[in-house]
Amino acid sequence: MLQKQLQHYIEEHIQNNEIALFAIEKDFVEKHQLLPTEVTVIDKALLLDVLERCNKETEDLISAEPKEFLQQPISYLKEHPIEFVYAESTVFDVIRIDAVALEFDDAFKAYTALFGLKLQKKFGDAIRAYFEGNVAKMIGNYSVSFSGQDGLWEVNVALNCIDGFTEAQTFEESYALLYRFIFNLIEAADEAQ
């Protein structure tokens, strides 16, 4: 599944014998020999199609944000507890999500990411096993449930429980951390099949 996603991405995005990849994608592509030898890998930027601050209670838009907002520390969410940050990007297509909402959960004192993961229901055991093995134990560390109506997994994970997370990280660094986490999850789900 991940190989197919990356092969499709490569076919669609090679320009002038160059392809932009995140480091984790580059490692995977090299491991599985998915690139023609003449193609050069360049660093991929986190480009968001939508970046919005919204009200948690009403989900109303507070403000659309420029890309510079990504340089804000994620602690912004703790300082503005009535807000969540919503992001959409075609960059997320490889990891089979289309949007991520980040917020500070005051009840659990944790930064959480909420997203829909487009994997079939049959991957349930692999998804749960990955979370059990890669998310630190604490109350409210994660929840996953399959929505038959939408055909995707509804995921809520505390970033605090993901190895490498710190409150000093920027939004951009937090999205990168989450991207790696989900990428590794999909790779593990592939290997479990």
Side-chain angles (χ1 to χ4, degrees), residues 1-13 20-22 24-25 28-29 31-32 34 44 46-61 64 77 83-105 107-108 110-136 139-162 165 171 174-193:
M1 171 178 35
L2 194 52
Q3 273 188 309
K4 281 185 180 179
Q5 290 292 111
L6 279 165
Q7 284 173 326
H8 178 72
Y9 173 82
I10 290 165
E11 290 166 7
E12 297 284 318
H13 293 88
L21 296 172
F22 292 127
I24 193 163
E25 294 170 333
F28 185 89
V29 163
K31 176 181 170 184
H32 296 280
L34 300 178
K44 185 182 198 178
L46 176 65
L47 301 174
L48 300 177
D49 304 319
V50 175
L51 183 61
E52 299 173 338
R53 290 185 303 114
C54 302
N55 182 294
K56 268 196 217 179
E57 289 184 25
T58 64
E59 296 189 6
D60 290 339
L61 175 67
L77 293 170
E83 297 181 16
F84 69 90
V85 173
Y86 175 84
E88 288 180 13
S89 178
T90 56
V91 168
F92 297 150
D93 289 351
V94 170
I95 57 170
R96 305 179 67 87
I97 65 172
D98 55 7
V100 178
L102 297 179
E103 66 180 31
F104 183 76
D105 185 326
F108 295 114
Y111 295 91
T112 61
L114 300 93
F115 55 91
L117 180 61
K118 297 176 212 166
L119 289 181
Q120 295 170 317
K121 188 175 184 178
K122 69 180 182 178
F123 290 101
D125 290 342
I127 291 169
R128 287 184 187 90
Y130 182 82
F131 274 89
E132 283 298 313
N134 293 281
V135 176
I139 296 174
N141 60 349
Y142 75 90
S143 67
V144 293
S145 61
F146 187 76
S147 169
Q149 183 177 12
D150 298 325
L152 54 77
W153 290 90
E154 295 172 352
V155 181
N156 181 341
V157 62
L159 295 177
N160 306 57
C161 296
I162 297 175
F165 176 79
F171 279 96
S174 298
Y175 282 116
L177 175 81
L178 185 61
Y179 190 96
R180 284 189 306 274
F181 179 81
I182 299 169
F183 190 97
N184 288 331
L185 161 63
I186 293 171
E187 187 174 14
D190 273 349
E191 290 171 0
Q193 289 301 307

From CD (Glu187) to NE2 (His32), nearest 0.5 Å:
5.5 Å
Roughly how far apart are Gln5 CD and Glu25 CD, rounded to 0.5 Å?
11.0 Å
Parallel, tilted or perpendicular: rings of His13 and Tyr9 (30°, 60°)
parallel
Between Gln7 and Leu34, which heavy-atom pair has the shortest distance, and what is it?
NE2-CD2, 3.6 Å
Between CG on residue Leu46 and CZ on residue Phe22, distance to nearest 0.5 Å
5.0 Å
Between side-chain atoms of residues 149-162 and protein atoms elsewhere (two or more places apart, or another chain), which donor-acceptor pairs fall under 3.5 Å?
from   : atom 1 : to     : atom 2 : distance (Å)
Asp150 : OD2    : Ser147 : OG     : 3.4
Trp153 : NE1    : Leu119 : O      : 3.3
Trp153 : NE1    : Gln120 : O      : 3.2
Asn160 : OD1    : Tyr111 : N      : 2.7

Tell me the salt bridge (Lys or Arg N to Asp or Glu O under 4.0 Å) pairs involving residues 46-61, sequence neighbours left out?
Arg53-Glu65, Arg53-Glu83
Answer yes or no: are there more than 12 heavy-atom neighbours, outside His8 itself, under 6.0 Å from its atom NE2?
no
Do Phe123 and Phe146 have their ring centres less than 6.0 Å from each other?
no
Take the angle between the ring planes of Phe92 and Tyr175 and call it parallel below 30°, perpendicular above 60°, tilted in between.
tilted
Shortest non-hydrogen contact between Val144 and Phe131, atoms and distance
CG1-CE1, 3.8 Å
So do the side chains of Ile186 and Val94 get within less than 4.5 Å of each other, counting heavy atoms only?
no
Can a donor-acceptor pair be found, under 3.5 Å and without considering hydrogens, that links the side chain of Asp190 to the backbone of Leu2?
yes
Measure the spacing between CD1 of Ile95 and CZ of Phe115 and express it to the nearest 0.5 Å.
7.5 Å
Value for CZ (Phe28) from CG (Leu21), rounded to nearest 0.5 Å, stands at 11.5 Å
Taking every non-hydrogen atom, the tightest pair across Ala136 and Asn141:
O-ND2, 3.0 Å
Can you tell me which residue pairs pass the salt bridge (Lys or Arg N to Asp or Glu O under 4.0 Å) test with a partner in residues 87-98, sequence neighbours excluded?
none
Atom pair CG/CG of Asn134 and Leu185 - distance to nearest 0.5 Å
8.5 Å
